[in-house]
Number of protein chains: 2
Amino acid sequence: MVSPDQPWPPGHQELAEILRRDIHAGRLAPGAPIPSDRWLEETYGIGRNTVRAAVTLLRAEGLVVRRHGQATRVRQMPVKQPIDLAGVTRIEVRMPSPDDRDRLRVPDLGVPVFEVHRRPGVVELLPGDRWFVPAPGAS
Amino acid sequence: MVSPDQPWPPGHQELAEILRRDIHAGRLAPGAPIPSDRWLEETYGIGRNTVRAAVTLLRAEGLVVRRHGQATRVRQMPVKQPIDLAGVTRIEVRMPSPDDRDRLRVPDLGVPVFEVHRRPGVVELLPGDRWFVPAPGAS
DNA sequence: GATAATTTGTACGTATGTATA
DNA sequence: TTATACATACGTACAAATTAT
């Protein structure tokens with residue numbers, strides 16, 4: 001964790017950038033807990049709401065996962081599987097609705113979904129953190 | 001806009017669901033402004049922070065776009081173009097970092113990006129709201 | 001062009017509830 | 001049971017960008 005070097009307290013955008021750097025640099029590894037709201041408050045001398053606004057940004061970017069009552073953690077990327085391209089007419093991508101997330105068992109924000117359009121008019125929804133589009137020839 | 005029928009004021013999750021329904025039902029059309037924070041506060045009898053939490057959810061879901069000083073609007077989807085599959089080894093999807101958004105000129109949250117892996121080791125980034133993966137054979 | 005009103009952005013403090021360790 | 005950590009929600013204040021007058 002990077003200690004505050006600057007004399008003024010960070011805003012929520014700045015705090016988000018600090019945590020982003022720590023994650024990308026590996027100082028906060030996948031699966032590792034990030035500091036608690038309270039620790040960040042006291043360490044950086046900022047309000048709780050500011051801390052939460054920062055972490056909310058990181059959630060939307062898919063960098064961290066929050067669980068009620070547990071420490072917020074850096075997202076762990078599962079191994080991705082190739083999408084079966086048989087009969088595919090097109091694949092789009094979008095953010096899921098809460099209903100979509102329930103269906104797909106993806107409780108977290110920040111995970112886009114593939115919208116796989118197949119033959120008869122069937123649309124399959126696949127979480128973007130578990131699937132990828134393979135090379136067109138290699139099916 | 002749906003008026004509050006229930007006697008108790010909605011929480012931010014409930015308000016988000018109300019707005020979500022209005023958007024999906026077309027009562028709030030793409031490009032149309034949604035009610036201001038202040039209007040939502042007074043109409044539903046809730047605090048500003050609660051209103052903003054609701055709209056923040058919709059932002060992360062890619063449903064609305066906020067611009068400083070302007071009304072928040074329902075996102076308008078541009079026409080999507082097919083990704084050129086020549087030399088593609090795989091295509092993944094993820095949320096962009098703020099830097100990615102700057103590069104791609106995608107100022108808004110809630111827009112995933114395609115990570116197109118091509119031959120030599122080249123990775124191309126394409127906004128998910130402007131591109132789609134076409135049928136493998138139809139290139 | 002200048003001013004005022006509107007709207008979103010940012011940030012503080014406080015309080016209480018709920019899930020987990 | 002206790003402590004920790006996140007979830008939700010209120011109120012307040014001021015800044016900044018845009019729009020209307």
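Remember, it's a predicted structure, so these values are computed and weren't measured experimentally. Throughout, a chain's letter reflects where its sequence line sits, starting with A, and its residues are numbered from 1. Scope of the values below: all heavy atoms of this structure, side chains included, with no hydrogens, waters or symmetry mates.
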Tell me the interatomic distance from [X], atom [atom1], to [N], atom [atom2], rounded to whole angstroms.
| X | N | atom1 | atom2 | value |
| --- | --- | --- | --- | --- |
| A:Arg52 | C:dG13 | CZ | C1' | 15 Å |
| B:Leu40 | C:dT8 | CG | C1' | 13 Å |
| A:Trp39 | D:dC6 | CH2 | C1' | 18 Å |
| A:Asp37 | D:dT8 | CG | P | 13 Å |
| B:Ile34 | C:dT8 | CD1 | P | 7 Å |

Original post:
Do B:His68 and D:dA16 share a donor-acceptor pair, side chain to base, under 3.5 Å?
Top reply: yes
Nucleotide N/O to protein N/O under 3.5 Å, stretch nucleotides 9-12 of chain D:
unit_1	atom_1	unit_2	atom_2	d
D:dA9	OP2	B:His12	N	2.8
D:dA9	OP2	B:His12	ND1	2.7
D:dC10	OP2	B:Gly47	N	2.9
D:dC10	OP2	B:Thr50	OG1	2.2
D:dC10	N4	B:Asn49	ND2	2.6
D:dG11	O6	B:Asn49	ND2	2.7

Original post:
When clusters are formed by joining ILVMFWY residues with side-chain heavy atoms under 4.5 Å apart, either directly or through shared neighbours, do A:Leu126 and A:Val111 land in the same one?
Top reply: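 Cluster IDs for A:Leu126 and A:Val111 differ.
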Answer whether the closest heavy-atom distance between the side chains of [X] and [Y] falls below 4.5 Å.
| X | Y | answer |
| --- | --- | --- |
| A:His117 | A:Arg90 | yes |
| A:Val116 | A:Trp131 | no |
| B:Ile91 | B:Glu115 | no |

Original post:
Contacts to DNA chain C from residues 57-67 of chain B, heavy-atom cutoff under 4.0 Å, which residues?
Top reply: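 Within residues 57-67 of chain B, the residues near DNA chain C are B:Arg66, B:Arg67.
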**OP:** Give me the one residue out of A:Val65, A:Leu109, A:Thr72, A:Leu19 that meets side-chain contact (heavy atoms from CB on, under 4.5 Å) with A:Leu58.
**Re:**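 With A:Leu58 as partner, side-chain contact (heavy atoms from CB on, under 4.5 Å) holds for just one option, A:Leu19.
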Original post:
So which of A:Pro35, A:Pro10, A:Pro9 actually passes side-chain contact (heavy atoms from CB on, under 4.5 Å) with A:Tyr44?
Top reply: A:Pro10
Subject >> D:dA5 phosphate, OP1 or OP2, under 4.0 Å from A:Thr72 side-chain N/O >> reply: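 Indeed not, no polar side-chain atom of A:Thr72 lies that close.
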**OP:** Return the nucleotide paired to D:dT1: Watson-Crick means purine N1 to pyrimidine N3 with N6-O4 or O6-N4, wobble means G-U with N1-O2 and O6-N3, both under 3.5 Å.
**Re:**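 Check on D:dT1: unpaired, no WC or wobble geometry under 3.5 Å.
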Original post:
Do other residues, nucleotides or ligands put more than 12 heavy atoms under 6.0 Å from B:Arg38 CZ?
Top reply: no
Subject >> B:Arg118 atom CZ, neighbour heavy-atom count above 12 within 6.0 Å >> reply: yes
**OP:** Can you measure from CG (A:Leu57) to OG1 (B:Thr56) and round to the nearest 0.5 angstrom?
**Re:** 8.5 Å
Original post:
Considering only C:dT20, D:dT18, C:dT8, which nucleotide approaches the side chain of B:Gln70 most closely?
Top reply: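 Of all the options, the side chain of B:Gln70 is nearest to D:dT18.
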